[in-house]
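Structure first, then comments.
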2 protein chains.
Amino acid sequence: MAERRITSQDVADLAGVSRTTVSFVLNNDTRFSIRPETQQKVHDAAAKLGYVPNASARALASNQAKAIGLIMTRDTHYISSDVFLPQLIGGLLDSVKLFGISLLIEWVEPGQQLQTYHKLTGSKHIDGMILTISRDDDTGLKVLEDADIPVVLMGTVPNSQLNSVDIDNAASARKAVNHLLKLGHRQIACITDAQLPYSSATQRLRGYKQALAAAGVSIDESLVRFGDFDAESGYKAMQSLLKSKHEFSAVFAASDNISFGAMEAAREAGLDIPGDLSFVGHDDIPLARFANPPLTTIRVPAAEIARQSCQLLLELLTDKVSPKQNILLETELIVRNSTKEKEGTNR
Amino acid sequence: MAERRITSQDVADLAGVSRTTVSFVLNNDTRFSIRPETQQKVHDAAAKLGYVPNASARALASNQAKAIGLIMTRDTHYISSDVFLPQLIGGLLDSVKLFGISLLIEWVEPGQQLQTYHKLTGSKHIDGMILTISRDDDTGLKVLEDADIPVVLMGTVPNSQLNSVDIDNAASARKAVNHLLKLGHRQIACITDAQLPYSSATQRLRGYKQALAAAGVSIDESLVRFGDFDAESGYKAMQSLLKSKHEFSAVFAASDNISFGAMEAAREAGLDIPGDLSFVGHDDIPLARFANPPLTTIRVPAAEIARQSCQLLLELLTDKVSPKQNILLETELIVRNSTKEKEGTNR
DNA sequence: TAGGTGTATTAACGCGCGTTAATTTATATT
DNA sequence: AATATAAATTAACGCGCGTTAATACACCTA
């Protein structure tokens, strides 16, 4: 301990070359060809000293931080119950490690978007950012469109110029609802995954209505409730639905989290799943398969979204000019045991 | 766009003072008292220009990155199914925001600990690090003890000189098992949360045995299985347990994740929970309450662990010398419906 | 041998900021 | 008024590195 910091100068001294040469060698700078034996000397010296470049100095000199940021736009309360986050982070870590860059996690306090985005882009702490789903009314997004920092949206915001990676939420919801329709259900309730300003909620609700309309089923707004990310909100939404005494034989819960809460509320009301009530979730979180009954749901390739977001961002960082991309990934219906053909009376 | 970077010199020029004064004002340096009206001028200028200090330059000059790292030591596969991670990150973001520092997430590839720790401490990208639970045989930990970078362990490693924040895993497991004992169960199986090199698994297994021993129940090793973080592993462990034909009326699943998997396997074998088999989990993940039946479990204050880890780390960053701390947080038994008094025959 | 043509290496500058030591200005003391 | 003391401000250096423009060196050609 208390050992002096080892700089590239130390490496240069030991190798008997200049600091510049060290920099060229360690950064694989091909514009200047260094004799192989010199390169070896440098590498040996660096290894012997256990040299590690100072990240700040490097960032300052090169004007690139070699780091990207994952920007969370929700309350920490909701972050805590975000069952997707581990998959996202796992996927991001995979990609990021591959390219030797760092991952920062930043939290944008609701209502502070403008300041925070400005600070994030201005501080040059990160070269680019990945935004987790945000709300349609996120006023800060325009700041990002103008800022000279690459941004990839994990999610969709209508009329935005930003690059994005997402699933087709409406199509995904249609898959879920169509499954229920095919089983003979006609009175299908819907609990959204979040409040309406969140675009995933808007889109999934739209998909729900489209599927119904396409099947010639009239839409009954009294069968729609709005969740708020966590299972608790699904639980309450379901209670509200049951209390309303409207009839329905199936529920499309627009996230598995919501679905877990809603199913519990149904059980407490004495309903059998799928006997009295069929459930389709959305997301296919790791625990969905182990729900009781195992949850029929829509699989979202979360880690893949993370990976592609990361890759797209890295492309933007290197090829400065590239056309705007909006990647949509496929989802898949996973049929388990929470759905069943409609028969007899319900509720 | 293409607007020139705004530096502290620009702020100084506009305010009509020197760059040094700007630095003193913006950093609230109390050693040099700046006249209030001068301070105001500086603040106004900074606000008008939208000045944001360059993080790298600041870090380089001050030799502190104003950032800490959350270090993950598991395979990304397991990170993806880490139901705790969101709570940890939520808690960390809370604290970190409070102190105006950044949070980095780093992943240590298994087998690369030494290199990675060395690189992490050497690059000065972060001022301190929080390690998520690691294995007893993590050889890299010694590097960290010697490195001149503060470290807080979220978890426990025996005989380590590192600071840590954790729960008392053995005591926690005893609470769980004692609950089952009190209900009259004597043949209690155990599925650990992870393989044995992970200290949480070792400790929880120890607690399980301690509770049994204290109650005068002989320990049957054939009732013990080892999980591996995710629900799938719990599922398989339970199948193995059932296939063994050993009798038991209750299961202590050392994580809720494991419990979800194990319960599903039990159900598939036609067992009723808690009629035929009682389950106690561990962790109280957000979905535990919404399991079917709602899972009796041990509540781990995950966000609080994160917060205290962060706080401890920040203390280490400021007060250079402080005694080694090993904080243990309390856990709490949450009784729900997956446990029941033993009666009649089982299995 | 003088003049070229690469090739390999280096000296020196700047990135933007924190910070010390020195300087100027205001206030109190004799 | 002259001096001592404190308050306010600044000039100048260095953090460690990337990078450009210049230099030294080897090898060919005439």
Side-chain angles (χ1 to χ4, degrees), chain A residues 3-43 45-46 49-67 100 119 121-125 127, chain B residues 3-43 45-46 49-67 100 119 121-125 127:
Chain A
E3 51 214 77
R4 207 174 49 75
R5 278 201 48 65
I6 289 164
T7 73
S8 62
Q9 183 65 60
D10 298 325
V11 178
D13 290 347
L14 181 61
V17 298
S18 82
R19 215 174 51 65
T20 308
T21 305
V22 172
S23 176
F24 285 159
V25 171
L26 296 185
N27 292 330
N28 280 317
D29 199 319
T30 49
R31 293 171 307 171
F32 299 81
S33 44
I34 310 287
R35 202 185 306 154
E37 55 203 80
T38 308
Q39 298 201 20
Q40 194 55 51
K41 275 196 298 182
V42 171
H43 280 127
L49 294 174
Y51 169 67
V52 179
N54 181 303
S56 305
R58 185 200 283 253
L60 182 57
S62 68
N63 195 29
Q64 48 179 343
K66 290 272 184 191
K119 204 175 282 180
T121 60
S123 72
K124 294 281 176 187
H125 208 147
D127 298 323
Chain B
E3 51 215 75
R4 209 174 48 75
R5 279 202 46 67
I6 290 164
T7 74
S8 63
Q9 184 65 61
D10 298 326
V11 178
D13 291 346
L14 181 59
V17 298
S18 81
R19 215 174 50 68
T20 309
T21 304
V22 171
S23 176
F24 286 159
V25 171
L26 296 185
N27 292 330
N28 280 318
D29 199 319
T30 48
R31 294 170 306 172
F32 301 81
S33 43
I34 309 288
R35 201 185 306 153
E37 56 204 79
T38 307
Q39 298 201 21
Q40 193 55 51
K41 273 195 300 182
V42 172
H43 279 127
L49 294 174
Y51 170 67
V52 179
N54 180 303
S56 305
R58 185 201 283 253
L60 182 58
S62 67
N63 196 29
Q64 47 180 345
K66 290 275 184 188
K119 203 175 285 184
T121 61
S123 72
K124 295 282 179 187
H125 209 145
D127 299 323

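Note that this is a predicted model, so its numbers are computed, not measured. Computed over heavy atoms, backbone and side chain alike; hydrogens, waters and symmetry mates excluded.
- Counting any heavy atom pair closer than 4.0 Å across all strands shown, B/T7 reaches sugar-phosphate atoms only and no base atom.
- First and last contacts of DNA chain D with chain A, using any nucleotide atom under 4.0 Å from a protein heavy atom and ordered 5' to 3', fall at D/dG16 to D/dA21.
- Put simply, the side chain of B/Q64 never gets that close to the backbone of B/D127: no donor and acceptor are under 3.5 Å apart.
- Comparing A/L60 and B/S18 against DNA chain D, the residue whose closest nucleotide sits nearer the 5' end is B/S18.
- Position along DNA chain C of the nearest nucleotide to B/F24 versus B/S56 favours B/S56 as the more 5'-ward residue.
- B/S8 comes within 4.0 angstrom of the backbone, heavy atoms only, and of no base.
- Among the heavy atoms of the strands lying under 4.0 Å from B/S62 are primed sugar atoms or P, OP1, OP2 only; no base atom is included.
- Contact annotation for A/N27: backbone-only contact, meaning every heavy-atom pair under 4.0 Å involves sugar-phosphate atoms and none involves a base.
- Taking atom CD1 on A/I34 and atom P on C/dG6, their separation rounds to 19 Å, with Å as the unit.
- Contact between the side-chain N/O atoms of A/T38 and the OP1/OP2 oxygens of C/dT9 is found at a separation under 4.0 Å.
- Rounding to the nearest 0.5 angstrom, the gap separating the CZ atom in A/R31 from the CZ atom in A/F24 is 6.5 Å.
- Between A/V42 and A/L26, the closest side-chain pair of non-hydrogen atoms falls below 4.5 Å.
- The OG atom of A/S56 sits 9.5 Å away from the CG atom of B/N54 when rounded to the nearest 0.5 Å.
- Each of A/V22 and B/V17 lies near DNA chain D, and the nucleotide nearest B/V17 is the one positioned closer to the 5' end.
- Here the closest non-hydrogen pair linking B/A65 and A/H125 is O-CE1, 4.4 Å.
- The side-chain contact (heavy atoms from CB on, under 4.5 Å) test with B/V17 singles out one residue from B/T20, B/T21, B/D13, and that residue is B/T21.
- Between B/F32 atom CZ and C/dT24 atom P there is a gap of 17 Å when expressed in whole angstrom units.
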